[in-house]
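Please read all numbers here as calculations on a predicted model, not as lab measurements. We're numbering straight along the sequence, starting at 1.
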Amino acid sequence: MKLKNLQKRHLLPALALFIALLSTFQLHAQSRASGTINGKIIDQTMEYVPYATVFLKNSSDSALVKTSVSDNTGLFKFDFVKNGNYFIEITMLGFQTIYRERLNINSDRNIIDLGTLQLKSAIRELNNVTITAQKPFIERRADKIVINLNNEISAGASIEEVLDKLPGVRVNPDGQISLNGQNIQIFINGKSTPLSMDALSSLLKGMSASSIEKVELIAQPSSKYDAGGGAGIINLVKKRNHNDGLSGNVYGGAGQGKYGKHHTGSNLNYKNKDINILLNPNYSFNKYYFDSKISSAFFTEQGIPAGRSFSNLSSTRDMRTYFPNLGIDLFLSDKTTLSLSGAKEIQQLTRATFSTSQLSDAGEKLLNSTQFSNQVKTKIGNFNTGMHLQHKIDTSGREYTIDLDYFNYLNNSAEDYTIQPYLTNLTKLSQSILEQKRGFRSYSAKADYTQPLKKNSQLDFGLKSSFVKSDNSNNFFDVTGSVPVKDASKNDNFRYQENINAVYATYIRTGDKLSYNIGLRTENTWGKGKQIYTGEVFIKKYVQLFPSIFLDYKFNKDHGLNLSARKYINRPTYENLNPLVRIVNASNFTQGNPDLAPAVGYNAALTHVFKNSLFTTIDYSRVTGDFTFFSAPYSEQEIVSTKPFNNRYTQYLSLFIAFNKQVTPWWYTSSSANFNKRSFKGSFEGTAIHNIGMLNLTAGTYNSFRLAKNFTFLTLVRFAGKSQDRNLTNDPYTAVTAGISQSFFNKKANLAFNVTDIFKGYKNSYVQNSLLINQRIENQIETRIARLSFTYSFGGSIKRTKESTSANDEKKRTSINEN
């Protein structure tokens, strides 16, 4: 099926529906309540204050009427305010609470502009030391958890390292990131990144956390987001500035584990009334080791031991990442903004691997011993560009946005490997070169419209269309002789293309006590894969509905309850559909599976909030056809191949408790615990498997102590108990991180030093049960790293440009495993 036909069949009818709905709502605007109250919040340095909480209350009895939060420019606004007398209360941790009274809404005065309101810092003298309250590390909101990064936790660290410290987030050494035990997407400034096992891990390792202001953990995305979002979204929001003129920061640092590493970069922002330009060049060098021990036990179909193999792999890797990106906002009018963005990632990865393998029979008699060496040089080139158009139709909140995106990913890898068997003599068996090419292109477009309705409600709806093409090839050359010879019997080429069209609508109502969000998304998917050498073709076509509902009820100022439920889909990554072999060592391969079907998930969560400090969540998920990796012999018994299959279902039940509080003006604590259990059912090689799981506890506590004016000490302790995840049983571990930070030059400069995993307690070891093969894998990676970093800001912090978000779901599926 060609793209043109797909557009006629799916995109054009959806576009017609969108235009019809848009016309209907423009012709039938609803009546609105009479009043509006707005203002802008700044601090003592004349900087805008985002995320301040603003309460609108009745003057007669102080009853809460509405709640608002200031945006990135400090603006807040109350629409649809009924006639009456009110006052507002503005609170922000680290600042004194302020009030504005005698606000009267009537037929003669239905718009009240409070102008600029200034917050003053809450400062307290304690034993001759000035202690200033800080912005909370963790903020809980109705639809997400916001982590406000600070220099103590982010200075000198990569984004990937920071993510692994956050509540509910886990980063495996292979780059796989999960939130509350579920798969996620990674966004930067609301825009998806190419989330791949090695490409994303390399990108996040190469990006400095010094440029990130906050991290948003969105465990339950609404129907407005792509249904392929898995269990949630992690959005990285870059630092920003709202003042006209030139501003920015420069940063750099160095670290030392077993090997040295360093990074440098800057954020430069120029803004005036017509244009905003953001330039962010970033460079990093990271050398590290990744060692593995793989022990495999083989069994017959009757469960009788048939042999054993053991591999010991040592790997040294160095990675250089250049990541310049440019964003431009054109303020075409007071109501219209056109944003253009582009980013180019250039990455060079070299890997030197040496491995020894031994194969024994059931009687422990040595059958084969092999040495494997591998030299890999990989060049990665990513380019993405996008356009985002936002037009505000009027001041009531009616607006529409249009996004266009193009993304191109190219990975060229050359592997030079040698295999030498040892029994009674030293004879070289083979020396080969493997050239791998992995390409991916995505074109996408989406449009969204917001229509305010009466009674503090609104309707959002929109549509999206995307087209993806991926091309992957393996070319083997035998160089045992004097002349390289192409080995056509091992070569392969896999191509895949996919079209997804979607339409969604959400109804949102905000009440004094009860607020809710109800949505429905429809997605039509068509995909075609082909193995060029064999001619094998597979086609996938399906249409699915994805409803979602979110309810939030406030009992009083101390207690609140939030309920969410939704359906979502986990589509296979393009790499997991790719059947081409990836070589780990002489006895271990990995592959994709073109027969994978998408997994459909259902999730429900109930959260109780107490005084905005204690959060308790019960979460349940069931995923039908979940992806589970099994290992089996590959052509010969001494070689093991691991690839994904669909199981029958996976269930996940958890109790998550988080406590976040500014205990004293100089001590902030954030602690969390997650009790969870995961079970699954499936079959492999005709044998049924039912794993009831085990109760697991993961916990962490972050504490920040301001010991003197501008001097801070932090500690972070993280524990993960023994757990079962599908057919994996993970070992427990405990990791401890500590650091200090000193700011000077009126807080424009910061010098930080920290040490991660001080006692080298982190473990990534597990047992994989594949019935015929039982494998124990112990990965040893560089985790204890000392870092020193410096950051200097001028002219304020950084303003992000608005970026197109239409290609989010497609990019996250470029998942590639790093061997």
Side-chain angles (χ1 to χ4, degrees), residues 170 172 174 176 178-183 230-231 294-308 565-573 576 590-605 618-634 640-656 674-698 720-732 764-778:
R170 180 170 181 175
N172 291 334
D174 61 4
Q176 184 176 2
S178 61
L179 174 61
N180 297 337
Q182 305 291 310
N183 296 329
I294 305 175
S295 177
S296 304
F298 303 95
F299 299 89
T300 65
E301 293 182 358
Q302 292 74 32
I304 301 174
R308 181 179 296 275
R566 71 186 187 100
K567 176 185 175 182
Y568 61 91
I569 188 172
N570 281 332
R571 295 186 178 89
T573 64
N576 282 344
T590 63
Q591 294 177 271
N593 181 2
D595 295 327
L596 277 182
V600 177
Y602 303 86
N603 178 270
I618 299 175
D619 191 299
Y620 172 77
S621 295
R622 181 185 174 99
V623 182
T624 303
D626 198 13
F627 309 133
T628 305
F629 285 81
F630 288 95
S631 299
Y634 179 83
V640 175
S641 175
T642 302
K643 62 181 180 180
F645 295 86
N646 291 108
N647 66 18
R648 184 176 173 185
Y649 67 80
T650 297
Q651 289 187 135
Y652 178 80
L653 178 65
S654 74
L655 172 64
F656 181 77
N674 189 348
F675 299 88
N676 60 82
K677 185 177 182 180
R678 188 194 298 265
S679 61
F680 92 101
K681 263 189 177 182
S683 64
F684 181 64
E685 301 289 343
T687 302
I689 306 173
H690 183 198
N691 188 335
I692 63 173
M694 65 173 62
L695 184 63
N696 166 252
L697 167 65
T698 60
K722 188 175 182 180
S723 65
Q724 285 188 346
D725 183 358
R726 304 173 184 88
N727 60 334
L728 303 181
T729 302
N730 300 289
D731 289 350
N764 179 248
S765 53
Y766 54 91
V767 174
Q768 182 187 64
N769 182 11
S770 301
L771 298 182
L772 298 181
I773 300 178
N774 196 334
Q775 287 189 309
R776 176 167 178 80
I777 300 173
E778 298 179 7

Inset, instruction - Evaluate the ring planes of F684 and F645, with Trp represented by its six-membered ring, and classify them as parallel (under 30°), tilted (30 to 60°) or perpendicular (over 60°). - result: perpendicular
Inset, instruction - Supply the atom-to-atom distance Q651 CD to R678 CZ, rounded to the nearest 0.5 angstrom. - result: 11.0 Å
Inset, instruction - Identify the heavy atoms of G625 and A599 that sit nearest to each other, and give their distance. - result: O-CB, 3.2 Å
Legend entry - Heavy atoms from other residues, nucleotides or ligands near CD1 of I618 exceed 12 (cutoff 6.0 Å): no
Legend entry - Non-hydrogen atoms of P572 and P598 that approach each other most closely: CD-CA, 4.0 Å
Inset, instruction - Begin with the C-alpha distance, continue with both residues' side-chain angles, and end with the deciding distance and a verdict on side chain to side chain contact (heavy atoms under 4.5 Å, CB included) for H690 and I692. - result: CA-CA 6 Å; H690 183 198; I692 63 173; 4.0 Å; yes
Inset, instruction - Carefully, step by step, assess N727 and N769 under the rule side chain to side chain donor-acceptor pair (under 3.5 Å). - result: CA-CA 6 Å; N727 60 334; N769 182 11; over 6 Å; no
Legend entry - Nearest-0.5 Å distance that lies between atom CD1 in I777 and atom OG in S296: 7.5 Å
Legend entry - Side chain proximity check, F630 to I773, heavy atoms < 4.5 angstrom: no
Inset, instruction - Looking only at non-hydrogen atoms, find the nearest pair between S641 and Q591 and report the distance. - result: OG-OE1, 2.5 Å
Legend entry - Side chains of V640 and F298 in contact at under 4.5 Å (non-hydrogen atoms): yes
Legend entry - N691 side-chain N/O to R726 backbone N/O, donor-acceptor pair under 3.5 Å: yes
Legend entry - Separation between OG1 of T698 and CG of N676, rounded to the nearest 0.5 Å: 6.0 Å
Legend entry - Minimal non-hydrogen separation, P644 against N593, with atom names: O-ND2, 3.0 Å
Legend entry - Derivation of the side chain to side chain contact (heavy atoms under 4.5 Å, CB included) call for F627 and T650: CA-CA 9 Å; F627 309 133; T650 297; over 6 Å; no
Inset, instruction - Determine the minimum heavy-atom distance between K677 and L695, stating which atoms define it. - result: CG-N, 4.4 Å
Inset, instruction - Could you go through the side chain to side chain donor-acceptor pair (under 3.5 Å) check for N570 and D626 one step at a time? - result: CA-CA 8 Å; N570 281 332; D626 198 13; 4.8 Å; no
Legend entry - Any side-chain donor near an acceptor of the partner, Q775 and Y766, under 3.5 Å: no
Inset, instruction - Kindly compute the distance separating OG (S765) from CG (N730), expressed to the nearest 0.5 Å. - result: 8.0 Å
Inset, instruction - Heavy atoms only: give me the nearest Q768-N774 pair and the separation to one decimal. - result: O-OD1, 3.4 Å
Legend entry - Approximate separation, where rounding is to 0.5 Å, of R648 CZ and K681 NZ: 5.0 Å
Legend entry - Donor-acceptor contact below 3.5 Å, side chain N646 vs main chain L596: no
Inset, instruction - Please determine if R776 and D731 form a salt bridge, counting it only when a charged side-chain N lies under 4.0 Å from a carboxylate O. - result: yes
Inset, instruction - Establish, for the pair R622 and Y649, whether the NZ or CZ atom is under 6.0 angstrom from the six-membered ring centre and no further than 45 degrees off its axis. - result: yes
Legend entry - Straight-line distance of Y568 OH to Y602 OH, nearest 0.5 Å: 10.5 Å
